[in-house]
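Quick note on labels: first sequence line is chain A, next is B, and so on, each numbered from 1.
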Number of protein chains: 2
Amino acid sequence: MTDDQWLTGEQLNAWVRFAAILQLFPAVLDAQLQRESDLTHFEYFTLAMLSEAPEQTLRMSVLAGRTNATLPRLSRVISHLEARGFVRRAPCRLDRRATDATLTEAGWEKVVATAPGHVDLVKTVLIETLTAKELGDLSAISAKLLKKLDPESRMAATAII
Amino acid sequence: MTDDQWLTGEQLNAWVRFAAILQLFPAVLDAQLQRESDLTHFEYFTLAMLSEAPEQTLRMSVLAGRTNATLPRLSRVISHLEARGFVRRAPCRLDRRATDATLTEAGWEKVVATAPGHVDLVKTVLIETLTAKELGDLSAISAKLLKKLDPESRMAATAII
DNA sequence: TCAAAATAGTTGCGCCTACAACTTATTTGC
DNA sequence: GCAAATAAGTTGTAGGCGCAACTATTTTGA
């Protein structure tokens with residue numbers, strides 16, 4: 001392999017560090033949610049998406065899009081959340097193939113109880129660790145990378161946590 | 001929940017984008033390795049670590065440290081790689097509790113065959129997407145985040161992907 | 001010296017997820 | 001208007017991974 005196929009020292013350094021972040025950051029998020037709320041990050045994100053939707057209701061396929069999940073994965077996670085009383089399923093009247101998922105009162109309370117600790121962690125680990133300028137830089141860099149990773153911006157719409 | 005518990009618009013924006021990167025980047029890496037080499041990123045990384053070690057050999061616990069994996073996880077992955085002929089296990093003479101994992105000739109060839117495509121992807125998605133300054137910024141930002149995420153820098157030593 | 005504690009590694013078990021097959025309902029095109 | 005194609009969800013099957021239990025070996029300390 002010729003040298004130009006490899007990365008320069010600086011490039012390699014940046015990549016190694018960034019790769020470590022990619023591995024550690026999600027693990028830290030998941031660990032905190034598991035410990036404090038007995039939720040995976042994906043479960044929390046799913047509940048959060050429902051909590052922001054009109055009537056706290058979304059069709060399964062729409063919710064799958066917002067959470068960037070496959071439908072089989074979402075289906076099982078919703079089954080689990082339904083068993084715990086956080087979500088309710090109902091057939092959609094307009095299209096009887098479809099299923100609407102709705103956040104229950106207990107589900108809403110779960111989100112309300114879980115969000116502060118999660119936001120705190122994000123603030124501690126990300127926001128307060130960087131200067132305002134660095135956070136802006138990271139935001140711009142992320143935007144550029146997103147264009148390459150997700151050209152159709154399927155993940156674009158997702159807001160909050 | 002009072003406002004100061006939440007994130008400002010700018011902060012939220014940065015976090016949402018960065019969170020999307022955390023989800024998409026590893027998926028893109030894994031997909032390419034799976035498609036072109038039938039390896040998970042973790043398997044490739046494990047082979048790569050062995051390929052750089054003296055005698056292409058490392059003790060399981062040391063290898064677990066370098067790959068940031070638990071010993072049970074590594075043990076099964078090595079079993080799988082052993083079954084495919086890429087790695088060989090041997091009891092360590094100095095400490096008979098320990099096991100040495102060694103890259104086979106076939107394993108070396110697998111790394112050599114796999115590395116260029118993987119490096120190309122990293123160059124395409126990361127290096128060439130950013131300016132040299134941005135890559136430097138990302139490197140510095142990653143270093144700061146690493147300090148928070150991994151204070152004992154257990155992942156510090158890892159080089160080359 | 002030798003029993004107790006610690007260490008290295010493997011394996012049983014359960015959960016999560018992907019892929020594919022399947023069911024039911026809707027849309028399309030002849 | 002109806003058969004074929006498509007779409008929405010669910011479930012069977014298999015593989016990866018974490019935790020905890022287990023075996024075997026080494027270290028510690030009374």
Side-chain angles (χ1 to χ4, degrees), chain A residues 22-24 26-35 37-47 50 57-84 86-102, chain B residues 23-24 26-35 37-47 50 57-84 86-102 154:
Chain A
L22 291 177
Q23 185 162 35
L24 290 175
V28 168
L29 255 44
D30 260 317
Q32 185 265 343
L33 283 167
Q34 198 67 58
R35 180 163 22 84
S37 301
D38 192 26
L39 289 174
T40 64
H41 184 253
F42 180 73
E43 287 171 333
Y44 171 68
F45 194 83
T46 300
L47 294 178
L50 284 176
T57 299
L58 287 173
R59 276 163 72 140
M60 291 292 284
S61 49
V62 173
L63 185 53
R66 295 218 183 157
T67 55
N68 203 39
T70 61
L71 220 25
R73 179 184 184 189
L74 181 64
S75 180
R76 287 187 216 266
V77 169
I78 290 291
S79 293
H80 188 210
L81 292 173
E82 198 174 20
R84 293 171 76 185
F86 299 146
V87 170
R88 186 170 42 238
R89 263 193 261 233
C92 174
R93 290 182 205 288
L94 293 135
D95 183 341
R96 294 189 310 181
R97 291 171 299 181
T99 304
D100 286 336
T102 301
Chain B
Q23 184 162 37
L24 290 175
V28 168
L29 254 45
D30 260 317
Q32 186 265 344
L33 283 167
Q34 198 66 59
R35 181 164 18 88
S37 301
D38 193 26
L39 289 173
T40 64
H41 185 253
F42 181 73
E43 287 171 335
Y44 171 68
F45 194 82
T46 301
L47 294 178
L50 284 176
T57 299
L58 288 173
R59 276 162 72 139
M60 292 292 284
S61 48
V62 173
L63 185 52
R66 296 218 184 158
T67 55
N68 203 39
T70 61
L71 220 25
R73 179 184 184 188
L74 181 65
S75 180
R76 288 185 214 265
V77 169
I78 290 292
S79 294
H80 187 212
L81 291 172
E82 199 174 20
R84 294 170 74 184
F86 299 146
V87 171
R88 187 169 41 238
R89 264 192 261 232
C92 174
R93 288 180 206 290
L94 294 135
D95 184 342
R96 292 189 311 182
R97 290 171 300 183
T99 303
D100 286 336
T102 301
R154 293 187 304 122

*Under the side chain to side chain contact (heavy atoms under 4.5 Å, CB included) rule, what do B:Thr40 and B:Gln34 come out as? Steps first, then yes or no, please.*
CA-CA 6 Å; B:Thr40 64; B:Gln34 198 66 59; 4.0 Å; yes
*In whole angstroms, how far is the P atom of C:dC19 from the CZ atom of B:Arg35?*
12 Å
_Measure CZ/B:Arg96 against C1'/C:dT7 and give the value in whole Å, please._
15 Å
*asked:* What is the distance, to the nearest angstrom, from the CD atom on B:Glu82 to the C1' atom on C:dG9?
replied: 13 Å
*Atom CG of B:Leu81 and atom P of D:dC17: how far apart are they, to the nearest Å?*
11 Å
_Among A:Thr67, A:Asp30, A:Asn68, side-chain contact (heavy atoms from CB on, under 4.5 Å) partner for A:Phe42_ = A:Thr67
*Of all heavy-atom pairs between A:Ser37 and A:Arg84, which one has the smallest distance, and what is that distance?*
O-NH2, 4.1 Å
_From CD of A:Gln34 over to P of D:dC17, roughly how many Å is that when rounded to an integer?_
17 Å
*Distance from B:Thr46 atom OG1 to B:Ile78 atom CD1, nearest 0.5 Å?*
6.0 Å
*Let me know the distance between CD1 of B:Ile78 and P of C:dT10, rounded to the nearest Å.*
9 Å
Produce the list of close N/O pairs, under 3.5 Å, pairing protein atoms with atoms of nucleotides 8-10 of chain D; give distances to one decimal.
from	atom 1	to	atom 2	distance (Å)
D:dG9	OP1	A:Met60	N	3.3
D:dG9	OP1	A:Thr99	N	3.1
D:dG9	OP1	A:Thr99	O	3.2
D:dG9	OP2	A:Ser61	N	2.7
D:dG9	OP2	A:Ser61	OG	3.0
D:dT10	OP1	A:Arg89	NH1	2.7
D:dT10	OP2	A:Ser75	OG	2.7
D:dT10	OP2	A:Arg89	NH1	3.0
D:dT10	O5'	A:Ser75	OG	3.4

*asked:* Whole angstroms only, please: what is the CZ-C1' distance between B:Arg84 and D:dG15?
replied: 13 Å
_Please compare A:Arg93 and A:Glu43 by the position of their nearest nucleotide in DNA chain C and report the one closer to 5'._
A:Glu43
*To the nearest angstrom, how far is B:Leu94 atom CG from D:dA24 atom C1'?*
17 Å
*Has the side chain of A:Ser79 got a donor or acceptor atom that lies under 3.5 Å from a matching backbone atom of A:Ser75?*
yes
*If you take all heavy atoms of A:Leu74 and A:Met60, which pair is closest and at what distance?*
CD2-O, 3.1 Å
